[in-house]
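We use all heavy atoms of the structure for the numbers below, so side chains are in, but hydrogens, waters and symmetry mates are not.
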Amino acid sequence: MSSSIETSFVNQLQENQNLIHKICRLYTNNEDAHKDLFQEITIQLWRAYPQFRGDAKFTTWAYRVALNTAITLYRKKTRTVDTIEFDSKLHRVNQDEYNYEEEEHIKLLYQAVQQLNDIEKALVFMYLEDKDYTEIAETLGISEVNARVKMNRIKGKLKKILNP
């Protein structure tokens, strides 16, 4: 791969790493698992990047890759993913510190979301990221109407979990 593609990828990853951290937070329970999933998503994004055509926004494409990676890895208990070499010395990605303490106030919400199925988690995540239903539907591969109906059902489910 050319260095311009690598540079472009590193820049996009740097700008959008918080969305990957949030996905990792949804699908993991501890810091080590979070770091492992972040690494696997980064690898999958890197492997898929040459096929990114720019038809959709980078964030929409990254959501899809990240969510599919998270769902696939945590549905399977065996986590074997082929990796490719990425020369981190050439392109040092400065990882932002992910501060668990500052998110303590939403811990209950995350605990409730953990009780949802994988698709429901993805939908809630995108909804909380202020994505419109068109983008949610496109990312998850469902209709916009279906996304709205599912979200309303999920809201009811979360209310029951949080207010038993």
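Note: the hydrophobic cluster containing Leu128 also contains Leu26 (ILVMFWY, side chain heavy atoms under 4.5 Å, direct or indirect links).
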Please lay out, stage by stage, how Trp61 and Phe58 fare under the test ring-ring contact (aromatic ring centres under 6.0 Å, His included).
CA-CA 5 Å; Trp61 173 80; Phe58 178 84; 5.5 Å; yes
When you look at Glu40 and Thr69, which way does the side-chain hydrogen bond (donor to acceptor under 3.5 Å, both in side chains) test go after all the steps?
CA-CA 7 Å; Glu40 294 301 336; Thr69 301; over 6 Å; no
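Here the shortest heavy-atom pairing between Leu140 and Ala122 reads CD2-CB, 3.8 Å. The minimum heavy-atom distance linking Ser8 with Tyr49 is given by the pair OG-OH, 2.5 Å. Residues Leu162 and Ala112 come closest through the heavy atom pair CD2-CB, 3.7 Å.
No donor-acceptor pair under 3.5 Å is formed between the side chain of Tyr63 and the backbone N or O of Ile23. Side chain of Thr42 to backbone of Phe38: a donor-acceptor contact under 3.5 angstrom is found.
The side-chain heavy atoms of Ile71 and Ile119, taken from C-beta on, include a pair separated by under 4.5 Å. Using a 4.5 Å heavy-atom cutoff, the side chains of His34 and Asn29 are not in contact. The shortest distance between side-chain heavy atoms of Met126 and Leu67 falls below 4.5 Å. Side-chain contact between Leu116 and Leu158 is present, with at least one heavy-atom pair separated by less than 4.5 Å. Between Gln12 and Leu45 the shortest side-chain heavy-atom distance does not fall below 4.5 Å.
The 12-atom threshold is exceeded at CZ of Phe52, counting heavy atoms of other residues, nucleotides or ligands nearer than 6.0 Å. Applying the 6.0 Å contact sphere to NZ of Lys159 captures no more than 12 heavy atoms from other residues, nucleotides or ligands. Around NZ of Lys121, the count of heavy atoms belonging to other residues, nucleotides or ligands within 6.0 Å exceeds 12.
We find the CG-SG distance between Asn18 and Cys24 to be 11.0 Å, quoted to the nearest 0.5 Å. Note that NZ of Lys160 is 15.5 Å distant from NZ of Lys155, once rounded to the nearest 0.5 Å. Atoms NE2 and CG, on His21 and Leu37 in that order, are 11.0 Å from each other to the nearest 0.5 Å. Between Thr59 atom OG1 and Ile20 atom CD1 the span is 11.0 Å, to the nearest 0.5 Å. Gln17 CD to Ile41 CD1: the interatomic distance, rounded to the nearest 0.5 Å, is 12.0 Å. The NZ atom of Lys157 sits 9.5 Å away from atom NZ of Lys150, with the distance rounded to the nearest 0.5 Å.
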